[in-house]
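All chains are named by letter (A, B, ...) in the order of the sequence lines, taking the proteins before the strands, and each is independently numbered beginning at 1. Please read all numbers here as calculations on a predicted model, not as lab measurements.
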Number of protein chains: 2
Amino acid sequence: MDKSLKRMATMQRMQAKGLELFYSKGYYNTSVDDVLKELSMSKGAFYYHFDSKEDFFIQIVQNLLARKVYSTLIEPLEGHDDPIVKISQCFEDALETAVHNEMDFGCILSNFLSEFNGRNETIMKHLNDILSIWEVNLVFTLQKGKFNGHLDRHVDCEAVATYLMSSYFGIRTLMAGTSPSARKYRFMGQLKQYFKLIEAKNITA
Amino acid sequence: MDKSLKRMATMQRMQAKGLELFYSKGYYNTSVDDVLKELSMSKGAFYYHFDSKEDFFIQIVQNLLARKVYSTLIEPLEGHDDPIVKISQCFEDALETAVHNEMDFGCILSNFLSEFNGRNETIMKHLNDILSIWEVNLVFTLQKGKFNGHLDRHVDCEAVATYLMSSYFGIRTLMAGTSPSARKYRFMGQLKQYFKLIEAKNITA
DNA sequence: ACTTAAACCGACCGCTCAGTCGGTAACTAT
DNA sequence: ATAGTTACCGACTGAGCGGTCGGTTTAAGT
């Protein structure tokens with residue numbers, strides 16, 4: 001399955017730089033030549049490894065974005081602890097990287113969803129795949145939390161997942177504007193208020 | 001202040017079609033010729049009325065987007081009734097138009113914020129102006145609600161506004177993907193749960 | 001009828017972009 | 001050494017873009 005190591009290494013380099021530029025300048029606003037210039041490589045090298053700009057992007061989505069979303073937004077939720085604590089921490093960490101202008105992979109996903117929506121069916125399909133993996137895992141984590149007695153029995157896990165994803169994507173759009181760290185602080189405060197609603201009620205002392 | 005009526009009418013037509021195309025295909029993915037083709041007009045007409053594509057877009061933002069955001073997201077909040085009821089209804093209405101694939105101006109704003117972030121300072125400034133007008137009015141509405149006894153005294157109005165804007169922008173990104181009406185339903189349910197947190201507590205019966 | 005200016009036309013320019021192609025260097029197998 | 005394959009080079013093509021400009025139409029004023 002692994003082609004020659006050299007090939008893999010080159011493709012990795014190209015994809016990493018590609019993601020960086022596509023994220024910061026947008027897909028349609030980044031030319032293949034922009035990527036190649038930063039890598040001091042030639043058109044020939046690019047089209048030797050990839051069929052087209054679109055193919056290049058899709059491979060980036062599958063090889064880099066999907067893995068990173070998994071490792072930053074899904075993996076941290078594993079285990080049997082209180083899902084509220086883990087989701088809070090997970091969002092906190094993700095938004096903190098966003099404050100420092102590093103690549104926040106949830107934000108990347110959200111940006112690309114906006115950029116390709118209604119413009120490129122093929123790419124949207126791949127992005128929506130990642131989105132639904134996140135959604136499924138969030139729902140699963142919440143259900144497990146309910147089963148383990150961390151969440152209130154009446155909680156609608158699908159709805160909570162939708163709401164959490166919404167607020168996360170939205171705060172990233174807002175933070176891109178002005179005063180990101182103040183907005184992050186306010187957001188996390190309200191998120192924790194919201195979490196109080198769905199945590200298990202200690203009706204019996 | 002009003003130039004000749006003909007001039008105004010033509011510019012209006014161009015701007016309306018421009019917004020429609022920029023919204024559905026994105027700014028960078030829509031050429032001036034695309035707009036002109038749909039209007040059966042010529043390059044000359046376009047550059048007679050507008051300095052550049054960017055100038056054209058900024059005028060659209062100021063003349064159409066700003067007004068529409070105001071009339072759909074801000075004006076409905078006026079008055080002295082319970083802000084929770086009004087904000088709920090306002091979001092409900094905006095998301096309903098979104099379900100039917102009509103132009104939802106909050107969504108347009110959110111999309112453009114994503115598209116121009118880090119790519120065009122000038123345009124971002126105009127978009128952020130609209131955003132902060134919305135924010136200021138939300139905060140004001142909430143504070144008034146607190147004063148009128150509809151909201152709990154301990155509510156942090158800035159934080160609630162940030163949280164509301166986040167969730168609204170986010171749900172629009174999500175709804176663009178799959179099953180918009182199911183997501184809208186789940187979202188509104190959780191939003192109403194959240195509102196229970198900030199409404200005035202009837203501690204005294 | 002003549003003048004004038006606003007409104008509009010569309011060929012054209014310079015440039016950027018995705019993608020092509022004939023060539024070459026480096027490595028590997030025999 | 002030779003042949004074949006992989007990896008890479010960079011000039012080039014053709015389409016599409018934003019923007020220009022000389023010219024034409026329309027309508028109002030006199």
Discussion item. Is a donor from one side chain sitting under 3.5 angstrom from an acceptor on the other, for B/Asp34 and B/Ser31?
Written reply: yes

Discussion item. Can you give me the closest heavy-atom contact between A/Gln15 and A/Ile60, atom names plus distance?
Written reply: O-CD1, 3.6 Å

Item to complete: Mind running side-chain hydrogen bond (donor to acceptor under 3.5 Å, both in side chains) on B/Tyr27 and A/Asn29 for me, showing each step along the way?
Response: CA-CA 11 Å; B/Tyr27 175 83; A/Asn29 228 0; over 6 Å; no

Worksheet item: Got a sec, which residues hit side-chain hydrogen bond (donor to acceptor under 3.5 Å, both in side chains) with B/Thr178, two or more places apart in sequence or on another chain?
Response: B/Arg183

Item to complete: Of all the heavy-atom pairs spanning B/Cys90 and B/Leu73, show the shortest one and how long it is.
Response: SG-CA, 3.9 Å

Item to complete: Taking heavy atoms of chain B and a 4.0 Å limit, find me the 5'-most and 3'-most nucleotide of DNA chain C within that range.
Response: C/dA6 to C/dA11

Worksheet item: Under the side chain to side chain contact (heavy atoms under 4.5 Å, CB included) criterion, do B/Leu131 and B/Phe169 qualify, and how do the steps go?
Response: CA-CA 11 Å; B/Leu131 186 65; B/Phe169 280 163; 3.6 Å; yes

Worksheet item: Along nucleotides 7-24 of chain D, 5' to 3', which nucleotides get a B, which get an S, and which get a -, given that the test is a protein heavy-atom distance under 4.0 Å?
Response: BBBBB-----SBBB----

Worksheet item: Quick one: do the A/His150 and A/Asn148 side chains pair a donor with an acceptor below 3.5 Å?
Response: no

